[in-house]
Amino acid sequence: MSRKSVAAFVCFALMGLPVLAQANNPWTGYPPELPGAKAETYKTVEGLDLKLYVYSPDGHAAADRRPAVVFFFGGGWRSGNPIQFAKQCEYLASRGLVAITVDYRVLLRNGLPARFSVADAKSSIRWVRENADRLGIDAYRIASAGGSAGGHLAASTAFLSQHDDPADNLATSANPNALILFNPATVLAPVAGVFERDDVELLEWRMGAPLESMSPYHNLAEGAPPTLVFHGKADKVVPYATAEAFCDRMNELAGSCELVGYDGEGHGFFNYSRGTDAFRDTLMRADRFLVSLGWLAPAAAASAGG
């Protein structure tokens with residue numbers, strides 16, 4: 001079966017499946033327009049320029065060597081827009097970090113399964129690390145962040161050993177130094193009592209790879225980066241129990257995973273488009289997490305959003 005035939009089959013089949021999408025997102029314009037960010041091409045594949053958008057602090061210079069946070073949007077690996085994390089990027093740049101939001105290939109735009117999204121995410125982290133000197137970034141203080149399917153991609157850069165782009169310089173590590181995950185899809189293969197579904201074969205078609213090779217939970221190991229997870233306890237798309245299992249397992253392996261659960265909140269609760277309360281709270285907690293790592297100075301009156 002050809003790639004296009006596979007994509008068409010998967011797209012049709014997914015019509016009846018729950019989608020790991022950020023609902024209620026008004027930012028549908030694509031490609032995105034992101035005032036205040038500098039667009040950079042991190043990879044060209046089959047004639048397609050894949051871009052990321054860099055928000056730098058005021059007065060930033062290449063010699064500054066600032067920490068960086070790299071965001072991946074949600075959308076079920078099918079759709080989505082880098083503009084989803086623009087507000088978070090604006091705030092973090094105002095606090096002195098370099099903040100980046102990444103575009104990557106998805107099913108509905110590019111006709112590709114999710115393993116290509118993983119490859120793009122890993123390519124983008126490598127590109128940031130390889131260009132750290134020019135961008136004024138500390139190559140050893142790069143956090144990977146994202147929501148829903150984008151949270152899966154962020155976690156994948158840390159834990160999945162497969163699905164690299166063969167064109168990448170694999171001598172450059174794609175592993176981030178910290179993770180900030182918003183209702184992430186971290187369990188994609190069955191786990192008794194945590195993640196059980198009867199459409200595993202179809203989900204594997206969607207991933208384009210064996211499920212365990214795409215599941216961060218199944219690839220956890222010692223040496224994981226410090227991790228902060230935000231998750232709505234009423235999330236019916238990515239169950240809260242999967243976030244609990246992920247963090248529990250990481251902590252069992254001597255990692256550091258803090259899970260912040262939000263009573264009554266569903267999927268995508270943190271988005272700026274949903275209102276500022278959860279957006280502010282998650283962003284302020286992320287700020288404190290970065291302070292705890294020594295990446296930011298404490299801010300007596302940190303604020304975000306309008």
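Below, all heavy atoms of this structure are taken into account, side chains as well, without hydrogens, waters or symmetry copies. In this text the structure is predicted, and so the values were computed from the model without any measurement.
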Study note, to complete from the structure: Output for pair (Cys89 SG, Gln84 CD), nearest 0.5 Å, gives 10.5 Å

Review point. Would you say Glu252 has more than 12 foreign heavy atoms packed within less than 6.0 Å of its CD?
Key: yes

Check your understanding: In Å and rounded to the nearest 0.5 Å, what is the CD1 to CH2 distance from Ile142 to Trp295?
Key -> 8.0 Å

Review point. Considering residues at least two apart in sequence or located in another chain, which fulfil the side chain to side chain contact (heavy atoms under 4.5 Å, CB included) criterion with Ala39?
Key: Lys51, Tyr53

Check your understanding: Among side-chain atoms of Tyr240 and Asn183, is any donor-acceptor pair under 3.5 angstrom?
Key -> no

Check your understanding: Per the side-chain hydrogen bond (donor to acceptor under 3.5 Å, both in side chains) rule, which among Asn169, Thr172, Asp164 passes with Arg126?
Key -> Asp164

Check your understanding: Should Leu170 and Val45 be counted in the same cluster of Ile, Leu, Val, Met, Phe, Trp and Tyr side chains packed under 4.5 Å apart?
Key -> no

Check your understanding: Is it the case that one hydrophobic cluster holds both Phe71 and Val260, taking links as side-chain heavy atoms less than 4.5 Å apart, direct or via other members?
Key -> yes

Exercise for review: With sequence neighbours excluded, give me every ring-ring contact (aromatic ring centres under 6.0 Å, His included) pair touching residues 32-51.
Suggested key: none

Practice item. Start with the C-alpha gap between Phe230 and Phe270, add the side-chain angles, then the distance that decides, and say whether ring pair (Phe, Tyr, Trp, His ring centres under 6.0 Å) holds. Key: CA-CA 8 Å; Phe230 303 110; Phe270 65 89; 8.2 Å; no

Review point. Taking atom types as modelled and ignoring hydrogens, do the side chains of Gln162 and Ser213 form a donor-acceptor contact shorter than 3.5 angstrom?
Key: no

Review point. So, are Glu201 and Arg206 salt-bridged, with charged N and O less than 4.0 Å apart?
Key: no

**Study point:** Exercise: do Asp49 and Thr44 side chains pair donor with acceptor under 3.5 Å
**Key:** yes

**Study point:** Heavy-atom pair with the smallest gap, counting every atom of Leu179 and Ala158
**Key:** CD1-CB, 3.9 Å

Check your understanding: Under 30°, 30 to 60°, or over 60°: which ring-plane class applies to Tyr262 and Phe269, parallel, tilted or perpendicular?
Key -> tilted

Study note, to complete from the structure: Between the CZ atom in Phe85 and the CD1 atom in Ile180, the distance rounded to the nearest 0.5 Å is 10.0 Å

Check your understanding: ring-ring contact (aromatic ring centres under 6.0 Å, His included) with Tyr55: which residues, sequence neighbours excluded?
Key -> none

Exercise for review: Using side chain to side chain contact (heavy atoms under 4.5 Å, CB included) as the criterion, list what pairs up with Glu204, not counting sequence neighbours.
Suggested key: Pro210, Leu211

Check your understanding: Side-chain heavy atoms under 4.5 angstrom apart, residues restricted to Ile, Leu, Val, Met, Phe, Trp, Tyr: same cluster for Leu97 and Tyr140?
Key -> no

Point to revise | Side-chain ion pair, Arg109 and Asp103, N-O less than 4.0 Å | key: yes

Revision key, fill the gap. Applied to residues 216-257, the disulfide bond (SG atoms under 2.5 Å apart) test, sequence neighbours excluded, yields Cys247-Cys257

Review point. Do Arg274 and Phe279 meet the cation-pi criteria used here (NZ or CZ under 6.0 Å from the six-membered ring centre, within 45° of the axis)?
Key: no

Check your understanding: Mind checking whether Phe159 and Phe246 have parallel, tilted or perpendicular rings, split at 30° and 60°?
Key -> perpendicular

Review point. Minimum heavy-atom separation for Gly146 to Ala154, with atom names?
Key: N-CB, 4.0 Å

Study note, to complete from the structure: For Ala174 and Lys122, the nearest pair of non-hydrogen atoms, with its separation, is CB-O, 3.7 Å

**Study point:** Any residue meeting side chain to side chain donor-acceptor pair (under 3.5 Å) with Lys43, in chain and number order, not counting sequence neighbours
**Key:** Asp120, Ser123, Asp165

Practice item. Could you list the residues that satisfy salt bridge (charged side-chain N to carboxylate O under 4.0 Å, His left out) with Arg141, not counting sequence neighbours? Key: Asp138

Check your understanding: Are the side chain of Asn131 and the backbone N or O of Trp127 linked by a donor-acceptor pair below 3.5 Å?
Key -> yes

**Study point:** Pairs flagged by disulfide bond (SG atoms under 2.5 Å apart) wherever residues 175-238 is involved - sequence neighbours left out
**Key:** none

Exercise for review: Kindly write out the residues that satisfy side chain to side chain donor-acceptor pair (under 3.5 Å) with Asp277, not counting sequence neighbours, or none if the list is empty.
Suggested key: none

Exercise for review: Just do the side chain to side chain donor-acceptor pair (under 3.5 Å) check on Ser148 and His267 with the steps written out, would you?
Suggested key: CA-CA 8 Å; Ser148 190; His267 199 62; 2.8 Å; yes

Study note, to complete from the structure: Applying side chain to side chain contact (heavy atoms under 4.5 Å, CB included) to Ser173 and not counting sequence neighbours gives Arg129, Asn175

Review point. Do Met214 and Arg115 come within less than 4.5 Å of each other through their side chains, counting heavy atoms only?
Key: yes

Practice item. Mind checking ring-ring contact (aromatic ring centres under 6.0 Å, His included) for Tyr217 and listing every partner two or more places apart, or none if nothing turns up? Key: none

Please report, to 0.1 Å, the donor-acceptor pairs under 3.5 Å made by any side chain of residues 218-225, with sequence neighbours excluded.
{"unit_1": "His218", "atom_1": "ND1", "unit_2": "Ser215", "atom_2": "OG", "d": "2.8"}
{"unit_1": "His218", "atom_1": "NE2", "unit_2": "Pro190", "atom_2": "O", "d": "3.4"}
{"unit_1": "Asn219", "atom_1": "ND2", "unit_2": "Glu212", "atom_2": "O", "d": "2.7"}
{"unit_1": "Asn219", "atom_1": "ND2", "unit_2": "Ser215", "atom_2": "O", "d": "2.9"}

Practice item. List the atom of Ala189, the atom of Phe195, and the distance in Å for their closest heavy-atom pair. Key: O-CD2, 3.4 Å

